[in-house]
Every structure is written in C-alpha cells, then in structure tokens.
Amino acid sequence: MATYSAEAISAAGTVLTERTAAAGDKLVYDTNAVLRIINGSGGSITATITVAGNNSYGQPNPDPVITVAAGATKAAIMLPQYVDPSDNLIALTWSATPDVTFIYERH
C-alpha cells in the first residue's frame, strides 16, 4: 500500500512520475487533481474509487469505476466527494495491475 500526492505542473514544464498500480494505492486529495491511468496490458482494466459513507437516502455512496481499454490512457478528475473521512485519502482498487501505471497530477 502506498499513498501519493499530486505533482504540480509548472509553466516551465514538469517531469511527472509514472507509478506502478498496486493493491492498496491511495491518493491525497488536491484541488484540480487528475488521475491519468496508462494501461499497457493486453486487456481492459478498471480502477474503482471506493467512496465511504451513505447518501441522503441511507444507501451506500456509489463507487465510480474508470474503465481503460487495452493500450489506452484515460484521465479522470478527482473530486472531494471521493475522500474517505476516516483517513482523508482517496482509495483505489485495480482489477489488474500488471503493465498498468498511473500519474497523479494537478494543474
């Protein structure tokens, strides 16, 4: 399990760190943060954001699922509603991790 902070992109340019997807990955929420998933595998994968708590009807909050096709890259904005109040982090669950990497950046 690892926790990652968003890397700031500057006007001069920034070399971003590509991280290997692993079980237990968590993100520190940051305004204007984007999760960029790079799927180098031969099959489609999903990244599920585990959202804690219940909605106003008492039902569990839905867990957003980001589907990334084989060989594709997909970006998604991270929302404050994704933060788990118990640890103030965004939890990710990957359907597969071989050949899957990600960049967590903010603009």
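In this text, all values refer to a predicted model and were calculated from it rather than measured experimentally.
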Taking every heavy atom of Pro85 against every heavy atom of Ala52, the minimum-distance pair comes out as CD-CB, 4.2 Å
Kindly say whether Val51 contributes a backbone atom to a donor-acceptor pair with the side chain of Asp63 at under 3.5 angstrom? yes
Working to the nearest 0.5 angstrom, can you tell me the gap between Thr73 OG1 and Ile103 CD1? 8.0 Å
With rounding to the nearest 0.5 Å, note down the distance linking CD1 in Ile9 to CZ in Arg106. 9.5 Å
If only atom types and distance count, is the side chain of Asn39 paired as donor or acceptor with the main-chain N or O of Val100 below 3.5 Å? no
Report the distance from atom CG of Leu92 to atom OG1 of Thr46, rounding to the nearest 0.5 Å. 11.0 Å
With heavy-atom distances below 4.5 Å as the criterion, would you say the side chains of Thr3 and Val28 are in contact? yes
Do other residues, nucleotides or ligands put more than 12 heavy atoms under 6.0 Å from Arg36 CZ? no
Stepwise side chain to side chain donor-acceptor pair (under 3.5 Å) check, Thr17 with Glu7: CA-CA 8 Å; Thr17 306; Glu7 296 178 278; 3.0 Å; yes
Point-to-point distance, once rounded to the nearest 0.5 Å, from OG1 of Thr14 to CD of Glu105: 9.5 Å
Would you please test Thr48 and Val65 for side chain to side chain contact (heavy atoms under 4.5 Å, CB included) and show each step? CA-CA 4 Å; Thr48 302; Val65 177; 3.8 Å; yes
Take Trp94 and Ile37 through the test side chain to side chain contact (heavy atoms under 4.5 Å, CB included) and record every step on the way to the result. CA-CA 11 Å; Trp94 307 96; Ile37 302 167; 4.0 Å; yes
Go through the steps for Asp30 and Ser5 under the test side chain to side chain contact (heavy atoms under 4.5 Å, CB included), then give the verdict. CA-CA 8 Å; Asp30 197 325; Ser5 295; over 6 Å; no
How long is the straight-line distance from CD1 of Ile90 back to CD of Gln81, given to the nearest 0.5 Å? 10.0 Å
Are the side chains of Asp87 and Lys26 in touch, meaning some heavy atoms are under 4.5 Å apart? yes
Gap between atom OG1 of Thr50 and atom CG of Asn61 - 0.5 Å precision: 11.5 Å
Has Tyr104 got a side-chain atom pairing as donor or acceptor with Arg19's backbone, closer than 3.5 angstrom? no
Distance-minimising heavy-atom pair for Ile45 and Ala96: CG2-CB, 4.0 Å
Leu27 and Phe102, any side-chain heavy atoms less than 4.5 Å apart: yes
Hydrophobic clustering (ILVMFWY, side-chain heavy atoms < 4.5 Å, transitive) - are Val83 and Ile49 grouped together? yes
